[in-house]
Amino acid sequence: MSIKIFLSTVSDEFRAYRDLLRRDLTRHNVEVKVQEDFVDLGGDTLDKLDVYIAECDAVVHLVGDMTGATPGAREQATLLRKHPDLPKDLPPLAEAFAGAPITYTQWEAWLALHRQKLLLIAKPDANAPRDKAYAPTEQSRAAQKTHLARLEAVRRYPGCVFANADQLATYVFRSGILDPLVQDYAAQEAQARQLAEGFIREMAQRVAADKTLDLEGMQQAVRNAIDIYEKEIAGGVQQSNTDDIVTRALQQARNQFDAGKSRLAQETLRRAMEDMRQERDRCEQGVKTLGERRRDMALAAYDGEAAAQAIIEMAEALHGDHHQGVWEELTQQEDALTAFGSDQGSNVHLVAAIGVNRHLERIARTPDEKGYAHNSHGIAAGTLGERESGAAHLEQAVVAYRAALDERKRERVPLDWATTQNNLGNALRTLGERETGTARLEQAVAAFHAALQEHTRERFPLDWAMTQVNLGNALATLGERESGTARLEQAVAAYRAALEKWTRERVPLQWATTQNNLGSALNKLGERESGTARLEQAVAAYRAALEEWTRKRVPLNWATTQNNLGNALTKLGERESGTARLEQAVAAYRAALEERTRERVPLQWATTQNNLGITLKALGERESGMARLEQAVAAFLAALEERTRERVPLQWAMTQNNLGNALAKLGERESGATRLEQAVAAYCAALDVYTHERARIDWAMTQNNLGVALQTLGARENGTARLEQAVAAYSAALAECTRERVPLDWANSIGNQGSAMALLAERTSDGALASRALTQLETGERVLREGGHEAWSITFRRQLPKAKALVARLSAPQSY
């Protein structure tokens, strides 16, 4: 089923926003329409809008200061004959029905309300950019103010206020796309299973409201909820031998739950459990049955806090004032919730576990109980935080672990202290990966080193190895952000140390995980070094991981390592003159895509499509035809279908940059300028997100690539404007891509700028500029050649004779 979205806008004011939304929201199962799609067909536009809106799932209504065109009296009269109930259904439109004008765009919102469609109203703030044709009048402003007042009268305004296109796209995607997609997915999953519609509707609404989940996470949450329903509610105990109270409550609650009234169903079970408590000796099994059914209904309805409350009240009903009984019941339930939430990817189970742990923290009496409760709270919150884009649950985990360390003193319980230090390190590392600074990562390294004081190699070899791997992960992330290689070297050492105890024979899957992580650290080192030894070692590590991470055993891990292997092979291939490594990389990416499907893991699918495009582009540069370059463009465009600006802005920008690279190379081989102009547009789009403040190195890389496209355009045009823009872009790149930080990228940019400067010097007869250009070409060629990047160095080597001749000609005495 395709989700249909209608964008209701005044083009002269919001065309850029509308076009961006249409491009970003459209995907294989989302269709986006605008008013012009119907105007172009001729006939009664208002009626065509009504017919399409009737089939839509959501209407996005942008309200600014301009009003757009107004339908004629005949069109409006035809609509009223078609919908005679409009005046009664929409009382605020009384003036319009009496002959006052109402525009097509305003009608789109009212038709959505009449058709009971999801209506998303968005208004720009005072400083939001508008289109060039923006020309509001006092009359249009007053009309829009009246329109908003009418919408407010039916409680549909205010909606979202946006300052830029990113804010608007995020609002629409979260509110207008995810909700219907999740509802549709839930309906499809339930269709063949004879599940109650009320349950499906209520559960899907709660899942869609979890803004921490992406679409893949929501689909998994739907599947988990349906599994609980089938196993524990539909397939569980329907009657009890304990008491009629239990049997009646189970049946009544099931009917209420199927009707989409999960809270009422849980209250029915709670009241029955209270009734059973009056005769404790014969009611224990009944209370257990009712309490667990209440818990399962809450989990199936995606209500973690209600599930936690059900568990707490069940434990108290079963054990009363007996602290040890309550404690054991709650810890057993909490442990099961955390395990399921971790293993099955269920956020609602983790929310329930956090609720139970908070209660455990309140009732804990001894240091051991307090330490256990805080540590368990940290595990559940940390696992949930790893799945979210925000930091709230990770911060919560850090607080919980530090509270646990106040109770788990090293002198008293050294192993518990070390375990919590390790857990604290993991939470800090995840936080550090999401922040621009390195303070959290440094704290994580310190926590892992602390854990290793007790998790020694001699006493606890497997725990020691696990902590070494975690330490390696933190060091590798630090190393990626630093210009040197010391941290990356330390990460490699930590991984290799872990492999001495995490052997293939003893723990094959953990061994494979460490081999994969070792490969990634070696790959990053290889990118920064001149030779290829590290890259070869990375390839060997990835291939070792694949011996245990097989497709049959762990298909997604297998696909991840195939993708990583492709990355290392591509880096090797770029430094070699042949194409064998690049072909191997393409094969690895295509293998990964057999498991990394768009339906299953859309963002990972897009990542591999992006990587495949990079390799196809590198192959295309070495071939005379354009087939590989066209395939590269197709791969990047495919990636952009999921890597949208509103979902993953930095990845979107990366792929826009890569798309620009492929288009630029195609443009170099074509006589026209179309592809080159498209490349410039792609780079400029990337730079909207890759700002100097936000992503300096990526910003610099894109500036370099923009310079290449501008230089190619400038070489084909008269004048010097494009060439001067190219030199400026290279200068921007060199401000961040320094020789100390990234020597090969620096050499590439310095040589590229020399090439553009040589063209400028030739057109302006500037001898000094020509000499500078020659120096830069020679420097770039030498550094790249010595760094083992033959493919890049040869480009500048071929330009040297012409540059030397230009210098000689411009420096020769002029005769008059």
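Residues R487 and E442 are paired through a salt bridge, judged by an N-O separation under 4.0 Å between the basic side chain and the carboxylate. A salt bridge is absent between E334 and R358: the closest approach of a Lys/Arg side-chain nitrogen to an acidic carboxylate oxygen does not fall below 4.0 angstrom. The residues E329 and K288 are annotated as salt-bridged, a charged nitrogen and a carboxylate oxygen being separated by less than 4.0 angstrom. Salt bridge present: R410 and E454 bring a charged side-chain N and a carboxylate O closer than 4.0 Å. Taking the charged nitrogens against the carboxylate oxygens, R263 and D303 do have a contact shorter than 4.0 Å, which makes a salt bridge. At a threshold of 4.0 Å, the pair E267-R271 counts as salt-bridged, since one of the basic side-chain nitrogens sits closer than that to a carboxylate oxygen. A salt bridge links D368 with R412; the closest basic N to acidic carboxylate O contact falls under 4.0 Å.
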Next item on the list: Evaluate salt bridge (charged side-chain N to carboxylate O under 4.0 Å, His left out) for E361 paired with K370, printing each intermediate quantity in order.
Entry: CA-CA 6 Å; E361 288 171 334; K370 292 175 183 177; over 6 Å; no

Notebook entry, point to check: Checking side chain to side chain contact (heavy atoms under 4.5 Å, CB included) for the pair H349/T338: CA distance, chi angles, key distance, verdict?
Noted result: CA-CA 7 Å; H349 284 74; T338 301; over 6 Å; no

Note to self: One pair to check against side chain to side chain contact (heavy atoms under 4.5 Å, CB included): E369 and W327. What are the steps and the verdict?
What the structure shows: CA-CA 9 Å; E369 287 182 349; W327 182 267; 3.5 Å; yes

Note to self: Working note: D463 + T419, criterion side chain to side chain contact (heavy atoms under 4.5 Å, CB included); need CA distance, chi angles, decisive distance, verdict.
What the structure shows: CA-CA 9 Å; D463 290 333; T419 296; over 6 Å; no

Checklist line | Full working for side-chain hydrogen bond (donor to acceptor under 3.5 Å, both in side chains) between Y229 and D296 | finding: CA-CA 8 Å; Y229 180 94; D296 293 338; over 6 Å; no

Next item on the list: Before giving the answer on side chain to side chain contact (heavy atoms under 4.5 Å, CB included), spell out for L384 and V351 the whole-Å C-alpha distance, their side-chain angles and the decisive distance to 0.1 Å.
Entry: CA-CA 8 Å; L384 188 58; V351 170; 4.0 Å; yes

Margin query: Before you tell me yes or no, could you show the steps for E313 and Q309 under side-chain hydrogen bond (donor to acceptor under 3.5 Å, both in side chains), namely the whole-Å CA-CA distance, both residues' side-chain angles and the distance that decides it to 0.1 Å?
Written below: CA-CA 6 Å; E313 291 180 6; Q309 191 61 31; 2.8 Å; yes

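Interatomic distance, CD of E548 versus CG of N516, reported as 13.5 Å (0.5 Å rounding). For the atom pair CZ (F448) and CZ (R429), the distance works out to 6.0 Å, reported to the nearest 0.5 Å. Atoms CH2 and CD, on W464 and E458 in that order, are 8.5 Å from each other to the nearest 0.5 Å. The distance from atom OH of Y401 to atom OG1 of T420, rounded to the nearest 0.5 Å, is 8.0 Å. A distance of 5.0 Å separates CG of N423 from CD1 of I379, quoted to the nearest 0.5 Å. If you take CG on L269 and OG1 on T289, they are separated by 10.5 Å, rounding to the nearest 0.5 Å.
Residues N347 and R387 share a closest heavy-atom pair of OD1-NH1, 3.0 Å. A444 and A474 make their closest contact through CB-CB, 4.4 Å (heavy atoms, listed as atom of the first residue, atom of the second, distance). Listed here is the closest heavy atom pair of A427 and A397: CB-CB, 4.3 Å. Listed here is the closest heavy atom pair of A498 and V469: CB-CG2, 3.6 Å. Scanning both residues, A391 and L431, for their nearest heavy atoms gives CB-CD2, 3.6 Å. The shortest heavy-atom contact between R408 and V413 is CA-CG2, 3.7 Å.
For the pair Q333 and E292, the minimum side-chain heavy-atom distance is below 4.5 Å. Counting heavy atoms from C-beta on, the side chains of R223 and Q344 never come closer than 4.5 Å. The closest side-chain heavy-atom distance from V507 to T503 is not below 4.5 Å. Within the 4.5 Å cutoff, the side chain of N357 has no heavy atoms near those of the H374 side chain. Side-chain contact between L518 and Q515 is present, with heavy atoms from C-beta onward closer than 4.5 Å. When side chains are defined from C-beta on, T513 counts as touching W549, because their heavy atoms get closer than 4.5 Å. Annotation: side chain of I354 is in contact with side chain of Q396 (closest heavy-atom distance under 4.5 Å). Inter-residue side-chain proximity for R600 and L556 is flagged as met; some heavy-atom pair is nearer than 4.5 Å.
Side chain of T456 to main chain of L452: no donor-acceptor pair is present (N/O by atom type, distance under 3.5 Å, no hydrogens or angles). Between the Y302 side chain and the V207 main chain, no donor and acceptor come within less than 3.5 Å of each other. Panel note: side chain N375, backbone G371; no donor-acceptor pair is recorded below 3.5 Å. Side chain of S346 to backbone of S342: no donor-acceptor contact under 3.5 angstrom is found. A distance-only check finds no donor-acceptor pair linking the side chain of T438 to the backbone of L441 [under 3.5 Å]. Using a distance-only test at 3.5 Å, with no hydrogens or angles considered, no donor-acceptor pair links the side chain of H319 to the main chain of H322. Remark: side-chain polar atoms of T430 are paired, donor with acceptor, to backbone N or O of N426 under 3.5 angstrom. Side chain of Y372 to backbone of L360: no donor-acceptor contact under 3.5 angstrom is found.
Below 30°, between 30° and 60°, or above 60°: for H455 and F460 the angle between ring planes is above 60°, a perpendicular geometry.
A side-chain hydrogen bond (donor to acceptor under 3.5 Å, both in side chains) with S262 holds for exactly one of R206, Q256, R294; it is R206.
T560 and R596 share a donor-acceptor pair across their side chains, judged by distance under 3.5 Å alone. For the residue pair E328 and Q324, a side-chain donor N or O sits within less than 3.5 Å of a side-chain acceptor on the partner.
Heavy-atom neighbours of D321 CG from other residues, nucleotides or ligands within 6.0 Å: at or below the threshold of 12.
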